[in-house]
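Since the model is a prediction, treat every value here as computed from it, not as a measurement. Letters A, B, ... mirror the listed sequences (proteins, then strands); counts begin at 1.
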Number of protein chains: 2
Amino acid sequence: MDVLELESFLPYRLYRLADAVSREFSRVYKDRHGLTRPEWRTLAGLGQHGTMTATELGEQSAMHKTKVSRAVAELERCRWLIRTPDEKDRRVEHLTLTKAGLAAYREMVPLAKAFERELLARLSTGERAAIVNGVAALEAALGRSKKEL
Amino acid sequence: MDVLELESFLPYRLYRLADAVSREFSRVYKDRHGLTRPEWRTLAGLGQHGTMTATELGEQSAMHKTKVSRAVAELERCRWLIRTPDEKDRRVEHLTLTKAGLAAYREMVPLAKAFERELLARLSTGERAAIVNGVAALEAALGRSKKEL
DNA sequence: TCTCAATGGTTACAAATGAAACCAATTTGG
DNA sequence: CCAAATTGGTTTCATTTGTAACCATTGAGA
């Protein structure tokens with residue numbers, strides 16, 4: 001009989017791995033500042049780029065627009081970002097971190113980098129290359145097939 | 001200023017990749033039979049092992065016990081599995097697929113395998129090895145650090 | 001110019017999820 | 001032998017999520 005071994009099935013392994021890593025990493029932003037993942041990504045996007053619109057945020061961090069909308073609303077509520085309406089197109093809002101938001105971002109960046117570094121430190125040089133290149137290759141493959149639509 | 005490039009940040013990349021793959025794959029079980037991911041994993045576990053308890057299912061497929069509980073309840077409702085109480089320990093129930101459940105499983109296994117095959121077919125030989133070995137290495141690393149607790 | 005489609009973003013609603021409390025049965029240790 | 005801790009599994013409740021509908025604004029074509 002034809003059987004599927006779940007433990008070796010790539011989609012499952014990938015998901016479980018990402019979930020475990022993400023769960024561990026969430027301590028950096030959740031325990032420390034009570035952020036959700038969408039909120040953390042929003043913070044990260046704005047910290048990295050300075051000013052972005054909600055749509056750009058969604059594209060950069062692969063979030064559904066409702067997630068972005070809610071994350072932005074929450075960060076605005078706790079005064080970590082402000083919105084400024086676009087002059088030309090009144091549908092658009094430009095989002096920028098406040099001092100407080102930027103401070104939080106600056107505090108988290110080293111923690112994030114340390115997390116990644118320590119994660120990769122558990123691997124050999126070859127294994128590090130494998131995971132990084134493997135992920136890049138799959139990303140590229142998915143990107144390609146998306147364009148074919 | 002210290003900046004984090006989200007696009008290169010491994011936890012983010014991993015999560016986004018797994019999410020994309022999982023979303024695509026979900027068509028196999030969602031569109032076809034209206035299953036949720038926990039239901040699919042339950043089906044896959046039972047199809048693979050014949051008979052399992054809810055706890056075993058949770059361990060094998062990395063699901064929280066409430067997910068298992070609900071998935072099992074749903075599969076039972078649509079008569080894809082049956083529970084048989086354990087003789088020695090009356091807390092335990094042994095779960096087994098019915099004919100209908102097994103039929104659905106048999107139908108999905110080739111589709112799942114085809115999905116994985118086609119996904120990997122978009123990569124070169126070296127890239128395939130990289131992703132598989134890289135994932136295995138990270139899994140092992142996480143497994144190790146879990147034991148150290 | 002006027003209509004209709006598209007776009008930026010929010011909201012309403014239903015479904016999925018996680019944490020914690022819970023129940024029942026079992027094991028442990030005194 | 002019995003109280004307390006543990007275990008298998010379910011349920012409740014609050015939170016998160018996705019889908020789809022929605023509002024306002026802009027763009028494109030007749």
Visitor: Using the test ring-ring contact (aromatic ring centres under 6.0 Å, His included), find all partners of His33(A) that sit at least two apart in sequence or belong to another chain.
Guide: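 Scan of His33(A) (ring-ring contact (aromatic ring centres under 6.0 Å, His included), adjacent residues dropped) gives Trp80(A).
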Visitor: Considering only heavy atoms of chain B and a distance under 4.0 Å, specify the first and last nucleotide of DNA chain C in 5' to 3' order that meet this criterion.
Guide: dA16(C) to dT26(C)
Visitor: Testing the basics here: between Thr42(A) and Ala71(A), what is the closest heavy-atom pair and its distance to 0.1 Å?
Guide: OG1-CB, 3.5 Å
Visitor: Determine the minimum heavy-atom distance between Val135(B) and Ile131(A), stating which atoms define it.
Guide: N-CD1, 3.7 Å
Visitor: For Phe115(B), does the six-membered ring have the charged nitrogen or CZ of Arg27(B) within the cation-pi criterion, i.e. under 6.0 angstrom from the centroid and within 45° of the normal?
Guide: no
Visitor: Name the atoms and distances for all side-chain donor-acceptor pairs under 3.5 Å in residues 1-11 of chain B, with sequence neighbours left out.
Guide:
| residue | atom | partner | partner atom | Å |
| --- | --- | --- | --- | --- |
| Asp2(B) | OD1 | Lys113(A) | NZ | 2.7 |
| Glu7(B) | OE1 | Gln48(A) | NE2 | 3.1 |
| Glu7(B) | OE2 | Gln60(A) | NE2 | 2.9 |

Visitor: Identify, with sequence neighbours excluded, every residue that meets side-chain contact (heavy atoms from CB on, under 4.5 Å) alongside Arg32(B).
Guide: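 Only Glu107(B), Leu111(B) meet the side-chain contact (heavy atoms from CB on, under 4.5 Å) criterion with Arg32(B).
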Visitor: On DNA chain D, does the nearest nucleotide to Thr36(A) precede the nearest nucleotide to Lys65(B) from the 5' side, or the other way round? Give the residue.
Guide: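 It is Lys65(B), whose closest nucleotide lies nearer the 5' terminus.
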Visitor: At a heavy-atom distance below 4.0 Å, what parts of residues 70-84 of chain B sit against DNA chain D?
Guide: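 Within residues 70-84 of chain B, the residues near DNA chain D are Arg70(B), Arg83(B).
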Visitor: Excluding sequence neighbours, so at least two apart, what forms ring-ring contact (aromatic ring centres under 6.0 Å, His included) with His94(B)?
Guide: none
Visitor: What is the minimum heavy-atom distance between Pro38(A) and Met63(A), and which atoms define it?
Guide: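 Shortest heavy-atom separation between Pro38(A) and Met63(A) comes out as CA-SD, 3.5 Å.
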Visitor: Taking any atom under 4.0 angstrom from a heavy atom of chain B, which nucleotides of DNA chain D are the first and last to qualify, 5' to 3'?
Guide: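 Result: dT7(D) to dG18(D).
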Visitor: Contact list please: residues 39-64 of chain B against DNA chain D, heavy atoms, distance less than 4.0 Å, in numerical order.
Guide: Thr53(B), Ala54(B), Thr55(B)
Visitor: Please tell me which of Arg91(A) and Asp19(A) maps to the more 5' nucleotide of DNA chain C, matching each residue to the nucleotide holding its nearest heavy atom.
Guide: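 Of the two residues, Arg91(A) wins.
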Visitor: Looking only at heavy atoms, which two atoms of Arg83(A) and Ala73(A) are closest? And how far apart?
Guide: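 Scanning both residues, the minimum pair turns out to be NH2-CA, 3.7 Å.
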Visitor: Under the side-chain contact (heavy atoms from CB on, under 4.5 Å) rule, collect the residues that match up with Arg122(A), sequence neighbours excluded.
Guide: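 Scan of Arg122(A) (side-chain contact (heavy atoms from CB on, under 4.5 Å), adjacent residues dropped) gives Glu24(A), Leu119(A), Ala141(B), Leu142(B), Ser145(B).
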Visitor: Check ring-ring contact (aromatic ring centres under 6.0 Å, His included) between Tyr105(A) and all other residues, then give those that pass, not counting sequence neighbours.
Guide: none
Visitor: With sequence neighbours excluded, what pairs up with Glu74(A) under the side-chain contact (heavy atoms from CB on, under 4.5 Å) test?
Guide: Glu39(A), Arg77(A)
Visitor: Residues two or more places apart in sequence or in another chain: which of them pass ring-ring contact (aromatic ring centres under 6.0 Å, His included) with Tyr29(B)?
Guide: Phe25(B), Trp40(B)
Visitor: For Pro38(A) and Glu87(A), take the nucleotide of DNA chain D holding the closest heavy atom to each; which residue's nucleotide lies nearer the 5' end?
Guide: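 Counting from the 5' end, the first nearest nucleotide belongs to Pro38(A).
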